[in-house]
Asks: 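My questions all concern the structure below.
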Amino acid sequence: MSTTEKRKTTRKKKDPDAPKRSLSAYMFFANETRDIVRAENPGVSFGQVGKLLGERWKKLTADEKVPYETKADADKKRYEKEKAEYVKRNGN
DNA sequence: CCTCTGATTGTTGGA
DNA sequence: TCCAACAATCAGAGG
């Protein structure tokens, strides 16, 4: 099963203080591309843009993803911090 | 020890 | 407010 087949929707959180996980490079990529794709495809519904984003993302090379992965990495650290506090709260 | 699934992140746009 | 496809990412649990 691929990660893209389940994910019904944002399910509930099982943890009390569940620290929000780090964002994916795609999230950052979408942040920038959403504006570009939408600019090139005005009026297109999310269905079109959404798929376009995925295709564009796959088209990007590791070098292009660098800036996005970099953000993702930075956010990852952010998550670590949240987790640290989260664990502290639970493991207090 | 190693593997896997589940849950989560954010975007748009309409109902 | 919620959901849909898209991709990534991580943490916990199990064998």
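Here is the naming used below: chain letters follow the sequence lines, and residue numbers restart at 1 for every chain. Just so you know, these numbers use all the heavy atoms, side chains as well, and skip hydrogens, waters and symmetry mates. Computed from a predicted model, the values in this text were never measured in an experiment.
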Asks: Over how many whole Å does the gap from A/Leu53 atom CG to C/dA7 atom P extend?
Replies: 10 Å
Asks: For the OG1 atom of A/Thr33 and the OH atom of A/Tyr26, what is their distance to the nearest 0.5 Å?
Replies: 7.5 Å
Asks: Between B/dT12, B/dG10, C/dC10, spot the one nearest the side chain of A/Asn31, thanks.
Replies: B/dG10
Asks: So which nucleotide from B/dG13, C/dA4, C/dC10 ends up closest to the side chain of A/Ser22?
Replies: C/dC10
Asks: Same cluster or not: are A/Val37 and A/Leu60 linked, directly or through other Ile, Leu, Val, Met, Phe, Trp or Tyr residues, by side-chain heavy atoms under 4.5 angstrom apart?
Replies: yes
Asks: Between A/Asp75 and A/Lys71, is the closest basic N to carboxylate O distance under 4.0 Å?
Replies: no
Asks: Need the bend value for the helix from B/dC1-C/dG15 to B/dA15-C/dT1: angle between end axes, 5 pairs each end, nearest 10°.
Replies: 40°
Asks: B/dT9 C1' sits how many Å from A/Phe29 CZ, rounded?
Replies: 16 Å
Asks: Round to a whole Å and report the spacing from CZ of A/Phe46 to C1' of C/dC6.
Replies: 7 Å
Asks: Separation of A/Arg34 atom CZ from B/dT11 atom P, in whole Å?
Replies: 7 Å
Asks: Identify which nucleotide among C/dA8, C/dC6, C/dC10 has an atom closest to any side-chain atom of A/Lys51, counting heavy atoms from C-beta outward.
Replies: C/dC6
Asks: For A/Phe28, report the nucleic acid contact type (base, sugar-phosphate, nothing); a contact means any heavy atom under 4.0 Å.
Replies: nothing
Asks: How close or far is atom C1' of C/dA5 from atom OH of A/Tyr26, stated in whole angstroms?
Replies: 8 Å
Asks: Using the side-chain heavy atoms of A/Trp57, tell me which of these nucleotides is nearest: C/dA11, C/dA8, B/dT12.
Replies: C/dA8
Asks: Identify whether A/Leu52 and A/Phe46 are in the same connected component of the hydrophobic contact network (ILVMFWY, side-chain heavy atoms under 4.5 Å).
Replies: no
Asks: Could A/Arg78 and A/Glu82 be called an ion pair, given the rule that one side-chain N must be under 4.0 Å from one carboxylate O?
Replies: no
Asks: Would you kindly give the NZ-to-P distance between A/Lys20 and C/dA8, to the nearest whole Å?
Replies: 23 Å
Asks: For A/Arg56 and C/dA5, what is the distance between atoms CZ and P respectively, to the nearest whole Å?
Replies: 22 Å
Asks: Figure out the CG/P separation between A/Leu23 and B/dT8, and round it to whole Å.
Replies: 14 Å
Asks: Check whether any side-chain nitrogen or oxygen of A/Lys58 sits under 4.0 Å from OP1 or OP2 of C/dA7, and answer yes or no.
Replies: yes
Asks: Nearest nucleotide by nearest heavy atom, which residue falls closer to the 5' end of DNA chain C, A/Glu55 or A/Lys76?
Replies: A/Glu55
Asks: By nearest atom, which of the nucleotides C/dC6, B/dT12, B/dT9 is closest to the A/Arg38 side chain?
Replies: B/dT12
Asks: Is the count of non-hydrogen atoms from other residues, nucleotides or ligands lying under 6.0 Å from A/Arg34 atom CZ greater than 12?
Replies: yes
Asks: List the steps and the verdict of side-chain contact (heavy atoms from CB on, under 4.5 Å) for A/Phe29 and A/Glu64.
Replies: CA-CA 10 Å; A/Phe29 165 80; A/Glu64 314 303 314; over 6 Å; no
